[in-house]
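Have a look at the structure below before the remarks.
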Amino acid sequence: MARFCPSPTGNPHVGMARTALFSWAYARHRGGRFVFRIEDTDASRDSEESYDLLVDVMRWLGLDWDEGVEVGGPNGPYRQSQRMDVYADVAQRLLDAGLAYKAYDTAEELEQRRDAARAAGRPSGYDGLHRDLTPEQQAAYEAEGRQPVIRFKMPAKDWTFDDLVRGPITFGADNVQDFVIVRANGQPLYTLTNPTDDALMGITHVLRGEDILSSTPRQIAMYEAFAQIGLGHGMVPRFGHLPYVTGAGNKKLSKRDPESNLLGYRDQGFLAEGLLNYLALLGWSLPAVDGVEKDVFTLAEMVEAFEISRVNPNPARFDLKKCEAINGDHVRLLSDEELRARLVPFFVEEGLVQDPPTESEAAMLAAAVPLVHERMALLTEAVAMLRFLFVDDAVFTIDEADAAKQLDEKGLDVVRAALAALESIGSTVEWSTPTIEGALRAALIDDLGLKPRVAFGPVRVAATGSRISPPLFESLELLGRTRTLERLRAVL
RNA sequence: GCCCCGUUGGUCUAGCGGUUAUGACGCCGCCCUCUCAAGGCGGAGAUCGCCGGUUCGAAUCCGGUACGGGGUACCA
């Protein structure tokens with residue numbers, strides 16, 4: 001049983017997706033269940049919008065969950081904001097059992113002692129001053145108007161656990177002090193809610209970011225306390241800490257970093273399977289078969305082969321170029337029909353086709369998509385290359401730089417010759433790729449003695465508006481006789 | 001300050017005592033070619049952070065050290 005439990009703050013980012021992917025793949029590989037929980041206990045930072053994005057992203061990626069938000073399950077609710085009574089109860093039971101206590105230190109007092117500890121070369125965590133306050137002392141503080149936090153009483157022992165990706169890790173007793181589990185205002189903290197829910201939901205394997213590696217001893221201590229008060233399944237889960245995904249420099253990709261915005265990738269035309277494949281490669285790789293390494297694979301292949309022991313513990317830099325290359329491979333893996341279906345929203349978005357496309361628009365897409373299928377890494381590139389087929393003549397424009405380069409005097413001469421050649425077909429012979437190619441080659445290559453690239457460049461720019469386009473003759477066929485001739489005449 | 005994690009070409013990665021140190025992205029060149037891609041072929045690029053040890057032999061084991069990152073919160 002594994003889980004993914006993000007906090008709904010800001011935009012979902014790539015590091016988060018990688019964590020979700022690995023947890024999901026781990027659960028699926030082992031035939032376990034996957035829980036999707038939302039940790040929204042910090043009202044000041046969490047937002048409903050962010051929650052919606054999280055759900056949206058998980059669905060887009062295709063990382064399905066067996067229980068959790070939106071789908072429910074036996075251990076719900078799955079939003080921590082709806083489980084406050086559970087945490088209050090657990091906190092009280094810990095207090096009653098003497099496993100936690102109320103601490104009345106003010107922020108200033110804590111800071112002062114922290115500084116002193118640091119100056120003396122000691123760890124700077126809580127010093128346990130209020131650990132054994134008498135009822136009288138507590139009453140005295142409360143009489144002062146102090147509101148206590150609840151701190152967990154860390155047992156004085158060393159903490160060792162066998163990290164799923166890093167192996168044995170030990171923290172000395174002196175370095176893990178009593179920590180706050182409930183704020184002075186009564187709100188529970190992650191330190192309480194996370195282990196509580198993991199225990200209640202039967203989570204056995206926790207894959208999470210390296211940033212909370214050092215909080216693991218606390219979590220383990222919480223589980224041991226839970227066992228004492230009879231909460232949950234009484235077992236400590238296994239932990240695995242995934243490395244960071246970093247951006248330029250070595251800094252962790254933050255939520256504010258535009259490069260990390262997950263939905264931005266969808267909008268740019270990345271395929272979920274392409275992005276996921278790339279993310280998988282950041283810290284994991286498919287085992288080689290007969291010495292052959294394979295880095296383009298499907299989600300199913302990943303699930304089949306996913307061993308947590310193969311996960312790399314060192315941080316990986318997100319390389320957009322490689323991500324695009326992998327995505328391009330996945331685009332090519334799609335059938336023409338599937339690609340067309342994925343492309344439709346992008347054409348609709350640009351106003352190039354109706355929503356849903358009309359019959360003729362659909363037919364045009366069906367004919368045009370194969371022409372660009374292997375020419376793109378991102379879906380948006382198809383829109384750019386095929387726009388000339390869908391745009392009205394009134395708004396059709398030619399790239400200025402390309403026009404300057406190709407439609408000079410010599411270029412226009414070529415267009416004139418092409419126009420004459422094309423005008424002759426369509427009446428007696430069919431307007432088709434072979435007849436178009438035949439006519440143009442005869443007129444431009446044979447008669448004028450031009451090199452192909454010199455001959456077809458100007459025609460391409462005049463008809464498609466760009467020096468970069470799908471194959472020319474096929475493009476002209478799809479454009480149709482009338483529109484082709486009009487566009488050639490328009491530049492003369 | 002204290003604690004923890006990490007360190008193989010520009011980037012990601014294989015490697016688990018003996019390899020000319022693997023592959024991918026990117027880059028360069030050639031081929032194909034109506035543009036752009038895709039595809040094919042070839043090339044440059046790491047001695048595996050550093051020092052020391054163990055060993056006949058180390059990227060692989062051990063110990064130091066440097067550098068990077070994270071934590072040290074009434075954030076997660």
Side-chain angles (χ1 to χ4, degrees), chain A residues 5-7 9 39 41-42 44-45 103 105 107 110-111 114-115 117-126 147-151 163 166 169-172 174-177 179-185 187 189-191 193-194 208-217 241 243-244 246 249-252 278 281-285 287-288 291-296 310 312-326 328-329 332 372-377 381 385 402 406 437 440-441 444-445 451-457 459-461 464 466-473 475:
Chain A
C5 50
S7 284
T9 61
E39 308 217 327
T41 54
D42 189 343
S44 64
R45 306 197 318 154
D105 317 81
L110 289 174
E111 193 182 334
R114 212 160 25 224
D115 290 347
R118 208 178 269 230
R122 286 180 282 117
S124 56
Y126 186 64
Q147 291 294 313
V149 296
I150 298 178
R151 281 186 187 271
D163 193 278
R166 292 156 207 271
I169 297 175
T170 299
F171 288 81
D174 292 345
N175 294 303
V176 195
Q177 296 87 353
F179 55 96
V180 176
I181 57 176
V182 178
R183 287 175 158 137
N185 66 8
Q187 285 179 352
L189 254 24
Y190 153 85
T191 48
T193 64
N194 183 277
R208 33 141 58 162
E210 162 177 16
D211 51 337
I212 38 186
L213 171 56
S214 45
S215 76
T216 307
H241 292 89
Y244 282 115
T246 67
N250 278 327
K251 60 187 195 315
K252 166 188 175 190
Y278 176 67
L281 255 16
L282 258 27
W284 183 80
S285 59
V292 178
E293 295 175 11
K294 181 176 172 182
D295 52 14
V296 175
R310 278 186 70 82
N312 236 326
N314 50 301
R317 182 167 308 180
F318 190 91
D319 180 354
L320 190 60
K321 276 287 205 317
K322 181 158 183 175
C323 187
E324 289 178 0
I326 297 284
D329 285 322
R332 272 164 242 125
V372 295
H373 197 149
E374 64 180 24
R375 300 184 141 73
M376 66 176 117
E381 293 171 43
M385 286 187 286
D402 290 350
Q406 292 288 320
E437 176 166 9
L440 289 180
R441 282 192 186 279
L444 307 179
I445 311 293
K451 285 193 185 318
R453 58 184 308 128
V454 176
F456 302 133
V459 181
R460 180 190 311 283
V461 172
T464 72
S466 168
R467 284 158 70 202
I468 298 172
S469 84
L472 183 61
F473 315 120
S475 294

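Because only heavy atoms are used, hydrogens play no part in the values below, and waters and symmetry mates are left out as well, while side chains stay in.
- For A/D163 and B/C5, the CG to P distance is 9 Å, given to the nearest whole Å.
- The interatomic distance linking A/H241 (NE2) with B/G70 (P) rounds to 16 Å, in whole Å.
- Atom NZ in A/K321 sits about 15 Å away from atom C1' in B/C12, given to the nearest Å.
- Here A/N312 lies in heavy-atom contact (under 4.0 Å) with sugar-phosphate atoms only.
- Atoms CZ (A/R317) and P (B/U7) sit 15 Å apart, rounded to a whole Å.
- Ion pairing between a basic and an acidic side chain is recognised when a charged N comes within 4.0 Å of a carboxylate O; A/D115 and A/R118 show no such pairing.
- The pairing partner recorded for B/G6 is B/C67, the criterion being a Watson-Crick or G-U wobble arrangement whose two distances lie under 3.5 angstrom.
- Residue-level contact check: A/T216 touches neither bases nor backbone, having no heavy atom under 4.0 Å from any strand.
- Nucleotides B/C62 and B/U7, compared at atom P, are 13 Å apart to the nearest Å.
- Here A/Y190 lies in heavy-atom contact (under 4.0 Å) with a base.
- You'll find that the side chain of A/R332 is closest to B/A38, out of B/C4, B/A38, B/U13.
- Rounded to a whole Å, the CG atom of A/D42 is 6 Å from the P atom of B/A76.
- One side chain, A/T216 or A/R208, offers a donor N or O that lies under 3.5 Å from an acceptor on the other.
- Scanning atom types as modelled, one donor and one acceptor separated by under 3.5 angstrom connect the side chain of A/R375 and the base of B/C36.
- Distance check on atom C1': B/G15 versus B/C75 gives 39 Å, rounded to whole Å.
- A donor and an acceptor atom sit less than 3.5 Å apart, one in the side chain of A/R460 and one in the base of B/C34.
- As rounded to the nearest Å, B/G42 and B/G63 have C1' atoms that lie 45 Å from one another.
- Among B/C34, B/G71, B/G6, the nucleotide with an atom closest to any side-chain atom of A/P452 is B/C34.
- In terms of polar N and O atoms assigned as donor or acceptor, the side chain of A/S124 comes within less than 3.5 Å of the base of B/G1 in a complementary pairing.
- Rounding to whole angstrom units, CZ of residue A/R310 and P of B/C16 are separated by 11 Å.
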